Amino acid sequence: MPVNLTETAAWTALLSHVQNAREWNLRDLFAADPARGERLNAEGAGLYLDYSKNRVTDQTLTLLLDLARETGVETRRGAMFAGEKINVTESRAVLHTALRAPRGASVMVDGRNVVPDVHEVLDRMAAFADSVRGGTWRGHTGRPLKNIVNIGIGGSDLGPVMASEALKHYAQQGLTLRFVSNVDGTDLVEKTRDLDPAETLFIVSSKTFTTQETMANARSARAWLLAALGDDAAVARHFVAVSTNAGAVQTFGIDPANMFGFWDWVGGRYSLDSAIGLSLMLAVGPEGFRELLAGFHDMDEHFRTAPLERNLPVLLGMLGIWYNNFFDAQSHAVLPYDQYLAYFPAYLQQLDMESNGKHVTLEGQLVDYQTGPVIWGQPGTNGQHAFYQLIHQGTKLIPCDFIGFCQTLNPLPLEGGAPHHDLLMANVFAQTEALAFGKTLEQVLAEGVDAELAPHRVFEGNRPTNTLLADRLTPRTLGALIALYEHKVFVQGAVWNINSFDQWGVELGKVLASRIVPELGAAEPELEHDSSTNALIRRYRERR
Ligand code: F6P
């Protein structure tokens, strides 16, 4: 029997609890419990979470975890790991966790253990990656392939883009890695402009192998290659595919022997650790990729087994629900203090917003509560000089996750000053301190600021943050970090009783676009849209 979220005992209790909580101030919470920072933290899979700078007491946490239990988060977690078809609108299992299960593990889907299949593909990917990296896989003219271009979009792009940037430090030198995603021809043209076709390998990555953007880019990439190499046979050496759709891959002209498969129980936005990660494996090598998978698995195990009170994805998920559903926070910022994680917020946007941007329950009823927040962010310290002003002194409540590493991969000592990494990390600690504790009017006046100016200098504080610290950005840590957010999204989706694994919301635009495409090129078909769309199309036609 589905539980109605707003009728649970914990929801009701939280509604009355929040009346008091709205009056709390982090300054008082810390004053009343000076050891709070040593208490309200948890650790797992190499990640340390400090959640003490949240507007919560022990009672809040108890109630939030009650809510998780009452809404069946644990049962649903068990169902996911067991391969039950929890993606009910597509009648599919949700088993990205099987992609990182160790060799020898068993995960059953429709009576079949899928782990050997997963490792068979991983082994083929590894053999291929080694042959390209080692120069034994050669292009049509006999030259080694030095440029890798992944063509894909959404989940077939964002994961490899984010992770290859994150793990650049571990990448093979001399390989150029590019990603083409946008159907805007500029993307392909600019990404291939300086590449030699004879040395370029295209990976066409698409779960369905029907996505308009990817298919258009793949066809144009093939034309670019053939224009230079002049022989259809070149496609076999310069194109490989990653897909679940072998038929469409073959129709496109890619030899199925050069296709790396995955399965319908892998959602696009959960597919980085499937063959969709091939471009990443080419960059960091099979060993680096396996380390990444090991990190994912570490977090899977933590999520599956740690008590809710110390379970990182559960804590992050439930704290998010606290602000989203009880403080009406509209967004959530993710602020990595590591240049290598530049694309992490963009990656999380698809992971979180495509998963939990839903307005009906699993049973198809309209929800009467808020679901997924807007996810956004940018690496620190750059964000500090752009949008932090609004977080500190604006009128909106924006809970933030700060992510930092104790060791840098690029130690730069500064003559006569602190090393770069200390400067960077000092900002993590300073920002979360400032957001929590702010600066009172009394403090401002005590500094001798004019009474007139003083209000402008006041920081209310009481802005909630989580801080995630890891020792070092390694493939393994990255895997754990990604899995942490995957499972956080899962926890929230389970509480909201929505399907975090479909994405019907992107369909309507796709269908309408394919209807409009022929209207743009043709001379005079009747336009039967609304007057605004008709007028826009007419203007475009006249001026294109
Ligand atoms: O944006 C919708 C979507 O279906 C995503 O979920 C998916 O990651 C992306 O399109 C790309 O799909 P495909 O891998 O099938 O090309």
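Each ligand, and each atom within it, is numbered from 1 in the order the structure gives. Predicted, not measured: the structure shown is a model, and the values here were computed from it.
Within 6.0 Å of atom OH in Tyr343, 12 or fewer heavy atoms from other residues, nucleotides or ligands are found, so the atom counts as exposed in its surroundings.
Using a 3.5 Å distance cut-off with no hydrogens or angles, the side chains of Asp300 and His487 do pair a donor with an acceptor. With no hydrogens or angles considered, no side-chain donor-acceptor pair links Asn324 and Tyr369 at under 3.5 Å.
A distance limit of 4.0 angstrom between heavy atoms and ligand 1 selects the residues Ile153, Gly154, Gly155, Ser156, Ser206, Lys207, Thr208, Thr211, Gly268, Gln350, Glu354, Gln503, Val506, Lys510.
Using a cut-off of 4.0 Å between Lys/Arg side-chain N and Asp/Glu carboxylate O, Arg193 and Glu190 are scored as salt-bridged. Using a cutoff of 4.0 Å between basic side-chain nitrogens and carboxylate oxygens, Asp264 and Lys207 are not scored as salt-bridged.
The shortest non-hydrogen separation linking His302 to Leu312 is NE2-N, 2.9 Å.
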